[in-house]
Q: 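First, the structure itself, so that you have it in front of you.
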Amino acid sequence: MSSILAAAHEMYGTVLAQQMGNPSAETPPAADKLMKMFRYFTWFAQMSGIAAITYGGGRFAWEKWGGGGLQSPKMVANAMLGGATATSAGTIMNAVVG
């Protein structure tokens, strides 16, 4: 029984040693298209963040210029906070991808 196990161990050891090599890295088939889509998404996130910050600032200015009290401070603050977050996320994704 032990000789069968030793023979099997030797055979599998030789087969595995022959099949294992130094693999070379290859890019996935659609990597360039995925990176292009990722860059468009990053651009969209940055632009939507800038638009939200601009909207929030414009809303503050419009309500102050109109003389009315700030009707929706929570909505405007959330728009500005969301814009800052989206712009930061776009910048961070750009840095991660390189």
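These numbers come from a predicted model, not from an experiment. Hydrogens, waters and symmetry mates play no part in the numbers below; they use all other heavy atoms, side chains included.
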Q: Just verifying a value: how many Å separate Ile92 CD1 and Thr42 OG1, rounded to the nearest 0.5 Å?
A: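 Interatomic distance, Ile92 CD1 to Thr42 OG1, rounded to 0.5 Å: 11.0 Å.
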Q: Roughly how far, to the nearest 0.5 Å, is CZ of Phe41 from CD of Gln46?
A: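 So the CD of Gln46 and the CZ of Phe41 are separated by 11.0 Å.
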Q: For the CZ atom on Phe38, are there more than 12 heavy atoms of other groups (residues, nucleotides or ligands in this structure) within a distance under 6.0 Å?
A: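 Yes.
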